[in-house]
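For reference, the structure is listed below as structure tokens.
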Amino acid sequence: MIENFSSVLGGFGELYWEGLLLTLQLSALSLFIGFFLAWALALVLLAEGRAWLKIPARAFVYFMTGTPLLVQLFLVYFGLAQFEAVRESFLWPVLRDAYWCALIVFSLNTAAYSARIFHGAMAETDAGELEAARAFGFSAFKRLTRVIIPGAWRRALPAYGNEMIFLLHSSSVASIITLSDLTSAARVAARGTFHFTESYLTAMLLYMAMTAVIVLGARVAEKYAFRHLRGVGG
Amino acid sequence: MLYGYEGRFLGGMAVTAGVAVCALVLALFLGLSGAAAKLSGNRFLRGAAAFYTTVVRGTPELLVILLVYYDLQGLLNAAREGLEYEEVWIIPPFWGGVVGIGAYYGAYMTETFRGAILAVPRGQSEAAASLGMHPAVVFFRVVFPQMLRYALPGICNNWLVLLKATALVSVIGLSDDMMAVASQAKSKTRDPFLFYFAVACGYLLFTAVSDFIFARLRRRARRGLA
């Protein structure tokens, strides 16, 4: 077993390292972009009236959370290329590239899941907090930025931490559209060495390490977000 | 509408649903066993269950599907050589996918069931035990029915995620599920958008049907409560 591991790492160590970097880059960038999209979507879902904005937003979230990520990826990567209008547009250099397709789809996907989390957290705002803010003469904008969003962020943190892990794991489908991410490295190493167990286990360990970092990060963020509830000196 | 692929596509929907349902059964079984192990007094069992859930929940489902499929095959080959059995037996991708997905979501089900069992007040099982019920009877007559009510929302969530994971089974060579039919049709007709959109609609339909069934199940589980 040990010799098999060393032959996997000896032959393909660099591939794993590059795959790890690509997985990290794709996940971190899509989480970053998706985070802002998600708040925008969540605010649209929360706003009263504005059906012309709300219905498309709801449909988007329903579609993105109700279909597999791989299908969404194929729709963009293979599907859009068949339209003349897409191929002739200025977006073609972007949409032709597997990396950009993955980045766009992952961002939109995590935006939809996170929007559901943020929207739920904002809708749960305590009525008394809003009343108090109104009594202090806070404008609607100030109520949103000083009361609703900070409170919602705290409540959303545990679920959002899970969504970050979920996206990291889902990003492994990038390997299916030829991107050399961590999963792809494992598949190449498995085919090259025939040590299937060791090749996949190596990638699993690296994913587990990244997951552990997210779990710890979320725990620290939660502790910080709830610092006002800690006792003096605690 | 689908260039004559309608029939095969419907068949693909059935295969996809078949993978999902079989994987669900396995995941529920593993989840119950895992929860029982986690709550048992045996340190070895507890450790094994903790290892199982930690590893699985730290890795992508695609990797677990690949690992399970190729490793099961390797184990089978080794066993065949050990037994000096001539015939090569290749695992059908359908069952490879079922085992991979079932094993993956079994870990999530373990957590769901563990929480649900702990949510049943202790007094319930104590009262049952004091009536002289056998521990197995206590579990199946008293704890299990009440636990289901707490577990149902988690089971629903896990099912919806599991359902979408079936899109990955074509990666290990399943050739007649929705994704595989769409990929074959795509190459023939050069209309990938239509076919992948049809797959998306198929999954949305499955999700909608699941939501409907779960709403009824939840109502049923709550009967007898105010």
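Every chain is numbered from 1 and lettered A, B, ... according to where its sequence line falls, protein lines coming before strand lines. Keep in mind the model is a prediction, meaning the values are calculated, not measured.
- Among residues 20-36 of chain A, no residue has any heavy atom closer than 4.5 Å to a heavy atom of chain B.
- For Phe83(A), the CZ atom is densely surrounded, since the number of other residues' heavy atoms within 6.0 Å is greater than 12.
- Arg87(A) CZ: more than 12 foreign heavy atoms inside a 6.0 Å radius.
- One finds the CG atom of Leu66(B) at 10.0 Å from the CZ atom of Phe196(A) (value rounded to the nearest 0.5 Å).
- Annotation: the span from Ile165(A) atom CD1 to Arg57(B) atom CZ amounts to 8.5 Å, rounded to 0.5 Å.
- Contact record, Leu67(B) with Met204(A): CD2-SD, 3.6 Å, taken as the closest heavy-atom pair.
- Scanning residues 91-122 of chain A against chain B with a 4.5 Å non-hydrogen threshold yields Tyr113(A), sorted by number.
- Rounded to the nearest 0.5 angstrom, Asp71(B) CG and Leu201(A) CG are separated by 7.5 Å.
- A heavy-atom distance below 4.5 Å is not found between the side chains of Val64(B) and His169(A).
- With a threshold of 4.5 angstrom between heavy atoms, Ala208(B) approaches chain A through its backbone and through its side chain.
- Met179(B) places a side-chain heavy atom less than 4.5 Å from the side chain of Leu70(A).
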Inset, instruction - Please lay out, stage by stage, how Leu69(A) and Lys164(B) fare under the test side chain to side chain contact (heavy atoms under 4.5 Å, CB included). - result: CA-CA 8 Å; Leu69(A) 181 64; Lys164(B) 286 176 268 175; over 6 Å; no
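- Across all non-hydrogen atoms, the minimal contact from Ala203(A) to Leu63(B) is CB-CD1, 3.7 Å.
- Val55(B) touches chain A through backbone and side chain together, each having a heavy atom under 4.5 Å away.
- Chain B forms more heavy-atom pairs under 4.5 Å with one residue of Phe194(A), Phe74(A), Phe166(A) than with any other, namely Phe74(A).
- Note: Tyr196(B) OH to Thr67(A) OG1 = 13.5 Å, rounded to the nearest 0.5 Å.
- Of all the listed residues (Thr65(A), Leu80(A), Leu75(A)), the one sharing the greatest number of non-hydrogen pairs under 4.5 Å with chain B is Leu75(A).
- A heavy-atom distance below 4.5 Å is not found between the side chains of Phe193(B) and Phe78(A).
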